[in-house]
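We name chains A, B, ... by the order of the sequence lines, and we start the count at 1 in each one.
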There are 2 protein chains.
Amino acid sequence: MASNAVMEETLQILKDHKLRVTPQRHIILAYLVSHHNHPTVEIIRDALGKELPNMGASTIYNTLNTFVDHHLVVELQNGDGSTHYDYFGTPHYHAICTNCGRIVDVTYPGFSDTEKGLEKKTAEISGYMISGNHMEVYGLCPECQIKLGIKNNE
Amino acid sequence: MASNAVMEETLQILKDHKLRVTPQRHIILAYLVSHHNHPTVEIIRDALGKELPNMGASTIYNTLNTFVDHHLVVELQNGDGSTHYDYFGTPHYHAICTNCGRIVDVTYPGFSDTEKGLEKKTAEISGYMISGNHMEVYGLCPECQIKLGIKNNE
DNA sequence: TTAATAGATGAGAACCATTCCAATGTAATG
DNA sequence: CATTACATTGGAATGGTTCTCATCTATTAA
């Protein structure tokens, strides 16, 4: 599933973050790095069930929470009731379909400036010491626009 | 608690959105419009307990979900496990403390342009038909910076 | 004003994603 | 290899939110 290159890369990521390397952490991180779906705990469990059949749900939750704490991964809600996770290797944000929950990664040249500008302004106004941000944009994905028979000129 | 002016205003808001006017909806919306805390269902229940002692939790959830559907209110998570609600009368975003969960509203001249720019770019790149966005900035609030003994030059 | 009805409310049960717990297992250190 | 601090497991517990359905009511039409 995950290539050797990914396995080496993720091993290094864990070491860089001083996280104890366990098979569970390694395989979960490799899955997140090599997949661009935005999986839930259940999806990860199903996907990795063959390789680590006895992996407990608690372990997946613990592992993901650890990754979130280390800013390797971000949490996303798309309205289906469970949390989705996304490896955050390169800066981007998310467009989320309000009809089907589909999540896509988005970025563009200059996004980084937008982000930094928002953080700088926020620090000035609020006095917060900023450590990060989340931006999300909501709308209907192309498939749902067709499915719902909606025109662009509404 | 809520002034007559707020009661008139909220009554009009409900009518404008073609929402059936009930005492529960009216008082909950008035509470949200006149308070700038970002309450949970529990906080709302406690605050309005004197005026409507028998108001069920389901009613508050139903009411808030209805308001969210009508884009009157937005949902916020600050990591304490429950959902916070915010009346969204004027465009703004939120700074959320990663230590204590404190949420503050933020806006600045030009924020609207930032927002529109992000939505336009997203539509172009993703093909989504955009209906809204959420921006959040994370960091330590001034109180927690002091509490944790953190200097600004870290 | 009254009657009809679509929709809202309320109390509690049910749901289910997530966390907690205690016992066991294991990666890292020297 | 021994030590130890940390991770994993599976199941129980938690708790915020939704669901159910009987009751009630705001709204509309007659």
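- Using a 30° and 60° split on the angle between ring planes, B:H134 and B:F88 fall in the tilted class, from 30° to 60°.
- Here the P atom of nucleotide D:dT14 and the CG atom of B:D80 are 19 Å apart, to the nearest Å.
- In this structure, B:C141 and B:N99 have side chains that are not in contact, with every pair of non-hydrogen atoms separated by 4.5 Å or more.
- Remark: A:Q24 is in phosphate contact with D:dT9, judged by side-chain N or O atoms under 4.0 Å from OP1 or OP2.
- Taking the six-membered ring where the residue is Trp, A:Y93 and A:F111 present tilted rings, their angle falling between 30° and 60°.
- Using a 4.0 Å heavy-atom cutoff across all strands shown, A:T83 reaches sugar-phosphate atoms only and no base atom.
- Straight-line distance from the CZ atom of A:R25 to the C1' atom of D:dA7: 6 Å, rounded to whole Å.
- Taking atom CG on A:L52 and atom C1' on D:dG10, their separation rounds to 16 Å, with Å as the unit.
- In terms of modelled atom types and a separation under 3.5 Å, the side chain of A:Q145 and the main chain of B:G127 share a donor-acceptor contact.
- When atom types are taken as modelled, the side chain of A:R25 and the backbone of A:R20 share a donor-acceptor pair closer than 3.5 angstrom.
- Between the OH atom of B:Y85 and the P atom of D:dG16 there is a distance of 12 Å, rounded to whole Å.
- Counting to the nearest Å, the P atom of D:dA7 and the CD1 atom of A:I28 are 13 Å from each other.
- In this structure, B:H35 and B:Y31 have parallel ring planes: the angle between them is below the 30° cut-off, well short of the 60° mark.
- Place B:L19 and B:R45 on DNA chain C by their nearest nucleotides, and B:L19 ends up nearer the 5' end.
- For the pair B:M55 CE and D:dC24 P, the interatomic distance rounds to 19 Å; values are reported in whole Å.
- Here the C1' atom of nucleotide D:dG16 and the CD atom of B:E75 are 12 Å apart, to the nearest Å.
- Running 5' to 3' along DNA chain C, contacts with non-hydrogen atoms of chain B at under 4.0 Å begin and end at C:dA6 to C:dG12.
- Along DNA chain D, the nucleotide nearest B:Q77 and the nucleotide nearest A:N62 are compared for position; the residue whose nucleotide lies closer to the 5' end is A:N62.
- As judged by a 4.0 angstrom heavy-atom cut-off over every strand, A:T22 is placed among residues touching the sugar-phosphate backbone only.
- Minimum atom distance to the side chain of B:Y61 is reached by D:dT17, of the listed D:dG10, D:dT8, D:dT17.
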Inset, instruction - Please assess A:F67 against A:H71 for the test ring-ring contact (aromatic ring centres under 6.0 Å, His included), listing each intermediate value before the final yes or no. - result: CA-CA 6 Å; A:F67 291 168; A:H71 298 102; over 10 Å; no

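- Among the protein residues, B:N65 comes within range of the sugar-phosphate backbone only, with heavy atoms under 4.0 Å from sugar or phosphate atoms but none that close to a base.
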Pair up each side-chain donor or acceptor in residues 53-62 of chain A with any protein partner under 3.5 Å, not counting sequence neighbours, and list the distances.
from, atom 1, to, atom 2, distance (Å)
A:N62, ND2, A:S58, O, 3.3

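- The CZ-C1' distance, from B:R20 to D:dT27, rounds to 6 Å in whole Å.
- At a cut-off of 3.5 angstrom, the base of D:dG16 holds no donor-acceptor pair with the side chain of B:T40.
- Linking ILVMFWY residues whenever their side-chain heavy atoms come closer than 4.5 Å, directly or via other members, places A:V68 and A:I43 in the same cluster.
- DNA chain C forms stems at C:1-30 with D:1-30, each a run of 3 or more consecutive Watson-Crick or G-U wobble pairs whose two key distances fall under 3.5 Å.
- With hydrogens and angles left out, the side chain of B:S82 and the base of D:dG16 share no donor-acceptor pair within 3.5 Å.
- For A:E143, the CD atom counts as densely surrounded, since its 6.0 Å shell holds more than 12 non-hydrogen atoms of other residues, nucleotides or ligands.
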